[in-house]
Amino acid sequence: MFALRHLLKGRKHFPYYAATTTKSMLPMPAVPARVLIGLHTDSDYRNGRLPQFQELCCRKMTTLPTSKKPASLLEELAAATKPYAQLMRIDRPIGTYLLFWPCAWSIALSADAGCWPDLTMLGLFGTGALIMRGAGCTINDLWDKDIDAKVERTRTRPLASGQISQFDAIVFLSAQLSLGLLVLVQLNWQSILLGASSLGLVITYPLMKRVTYWPQLVLGMAFNWGALLGWCATQGSVNLAACLPLYLSGVCWTIVYDTIYAHQDKLDDLQIGVKSTALRFGENTKVWLSGFTAAMLTGLSASGWACDQTLPYYAAVGVVGAHLVQQIYSLNIDNPTDCAKKFLSNHQVGLILFLGIVLGTLLKADDTKKQPQPALASPAASSFVSLTQKPEVLS
């Protein structure tokens, strides 16, 4: 009795069974007291309840919870950085791809005839696309923190759900912009000025959905800035005859894929009061997107003509057109899953066009090789000295 009293010391209430008096044991279900103290009845034997009760008691009394291993340093670090990775959408790389492809198109178009695109520039622009896309997402979430909390698809984002404070997000954004600047200064000074001038579009884009039904147009202007910057980085200036049609084609492409994307949230957008081209186009979405697709293909053809592109390039433009037509006419604008699937497939559009540019440039005739070389005088002819005509002799 003394040992039992010492064990239960300090506990104001305890059950009639001692199996749950220690924290290391799991709580037992309620079992009739007569079973535990031996006052069972004949009906317990006949109904088979007694063996069940005894087995259950033994199992609960002998089962101990497994001790949880302490988290390692790497696990703690991963848990701490996960919200920031989600903030910059590192787990959804489609935005990075869509930002990178216009840069890659421009770099590949600016390559010399018969040459591969500059791999160093492709690497720099790929790194910049990863960083600046993340910075754009952070800016977007800072502006839309309250809106995201009201939308089903976005309410789990780190800022909207409270996993990250607004101050922490601003500090993280400063680090992202610093890394982006570090990449930008690797380019020539013309490209530094041109790249820095796009920051205004990046900052103001999230506000456009509050004032206009065309925020996708502003997004396209920001996302395709690399079509101008890539050429400037390799050549030191922008060739408007080639880059301007490429840039406008990219803007049309962005309107196509981001309108498809916006159809996922149109019901929430209507309730909140947010605007988008999905709401502007409505049931005529496929007609509008067909027009922007036609404009995109026209601009790509004009850009290829300005760069003296060859058959592989125009074949790629045709495949891109077929891909977009298939997207548009099989699209179900009322099915968010189908909209997401079509949106993600636009990564293939960028890759197809890039491969077409590379192959077209490799097969492009080198004009310097086609220019006729001036005829060289033979060594024998060059050894003679021209003599003046002999003057006539006056008789």
Side-chain angles (χ1 to χ4, degrees), residues 96-133 180 182-195 198 223-251 253 296-321 323 346-374:
T96 302
Y97 299 150
L98 296 177
L99 181 60
F100 169 70
W101 286 127
C103 309
W105 298 344
S106 186
I107 293 172
L109 277 174
S110 67
D112 294 333
C115 296
W116 293 90
D118 191 328
L119 296 181
T120 302
M121 284 297 171
L122 289 175
L124 282 174
F125 275 80
T127 305
L130 175 65
I131 296 171
M132 292 309 298
R133 188 261 180 155
L182 186 62
V183 174
L184 186 62
V185 296
Q186 307 302 313
L187 310 178
N188 53 51
W189 67 268
Q190 297 95 331
S191 300
I192 295 174
L193 294 177
L194 184 61
S198 68
F223 249 55
N224 293 277
W225 203 256
L228 306 175
L229 188 59
W231 192 292
C232 185
T234 58
Q235 303 298 324
S237 62
V238 178
N239 182 353
L240 291 180
C243 294
L244 187 58
L246 183 67
Y247 176 68
L248 296 177
S249 297
V251 173
W253 180 44
M296 175 189 178
L297 299 178
T298 302
L300 292 177
S301 300
S303 182
W305 179 82
C307 296
D308 297 324
Q309 275 292 337
T310 56
L311 181 61
Y313 173 82
Y314 295 103
V317 171
V319 174
V320 164
H323 193 294
N346 280 276
H347 169 48
Q348 301 169 7
V349 172
L351 177 61
I352 291 169
L353 184 59
F354 175 72
L355 294 177
I357 295 172
V358 172
L359 292 177
T361 303
L362 290 175
L363 295 180
K364 192 189 303 183
D366 191 346
D367 293 337
T368 59
K369 294 180 180 179
K370 284 190 170 184
Q371 290 178 357
Q373 298 294 331

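The structure displayed is predicted, hence computed values, not measured ones.
- Contact between Leu99 and Ala129 at its shortest, heavy atoms only, is CD2-O, 3.5 Å.
- Of the residues Leu246, Leu194, Asn239, the one that meets the side-chain contact (heavy atoms from CB on, under 4.5 Å) test with Leu228 is Leu194.
- The two residues His323 and Val349 have their closest heavy-atom pair at ND1-CG2, 3.6 Å.
- Atom SG of Cys307 is separated from atom CD1 of Ile357 by 8.5 Å, given to the nearest 0.5 angstrom.
- Here the CG atom belonging to Leu124 is positioned 6.5 Å from the CD atom belonging to Gln186, to the nearest 0.5 angstrom.
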Practice problem: Begin with the C-alpha distance, continue with both residues' side-chain angles, and end with the deciding distance and a verdict on side-chain contact (heavy atoms from CB on, under 4.5 Å) for Leu300 and Trp253. | Solution: CA-CA 11 Å; Leu300 292 177; Trp253 180 44; over 6 Å; no

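- Considering CD1 of Ile107 and CD of Gln235, their distance stands at 11.0 Å, rounded to 0.5 Å.
- When each of Val319, Val317, Val358 is paired with Leu353, the side-chain contact (heavy atoms from CB on, under 4.5 Å) condition holds for Val317 and for no other.
- At least one donor-acceptor pair under 3.5 Å links the side chain of Trp105 to the backbone N or O of Gly350.
- The shortest side-chain heavy-atom distance between Val238 and Tyr247 does not fall under the 4.5 Å cut-off.
- Pairing each heavy atom of Ala233 with each of Asn188, the nearest pair is O-ND2, 3.4 Å.
- Looking only at side-chain heavy atoms (C-beta outward), Asp118 and Phe125 stay at 4.5 Å or farther from each other.
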Quiz item: Stepwise, does the side-chain contact (heavy atoms from CB on, under 4.5 Å) test hold for Ser249 with Asn224?
Solution: CA-CA 9 Å; Ser249 297; Asn224 293 277; over 6 Å; no

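- Nearest heavy atoms, Ala227 versus Cys243: O-SG, 3.8 Å.
- Closest approach of Gln190 and Cys232 over heavy atoms only: CB-SG, 3.7 Å.
- The two residues Leu122 and Phe354 come nearest to each other via the heavy atoms CD1-CZ, 4.1 Å.
- For the atom pair CG (Asp112) and CG (Leu362), the distance works out to 11.5 Å, reported to the nearest 0.5 Å.
- Here the side chains of Leu187 and Met121 are in contact, with some heavy-atom distance below 4.5 Å.
- When side chains are defined from C-beta on, Val320 counts as touching Met296, because their heavy atoms get closer than 4.5 Å.
- Side-chain contact of Trp101 with Asn346: a donor-acceptor pair under 3.5 Å is absent, judged by distance alone.
- Using a 4.5 Å heavy-atom threshold, the side chains of Thr361 and Tyr313 count as separate.
- The aromatic rings of His347 and Tyr97 sit parallel to each other, their planes meeting at less than 30°, with 60° as the upper class boundary.
- Residue Thr234 is tested with Ser106, Ser191, Ser110 for a side chain to side chain donor-acceptor pair (under 3.5 Å); the sole match is Ser110.
- Looking only at side-chain heavy atoms (C-beta outward), Gln309 and Leu109 come within less than 4.5 Å of each other.
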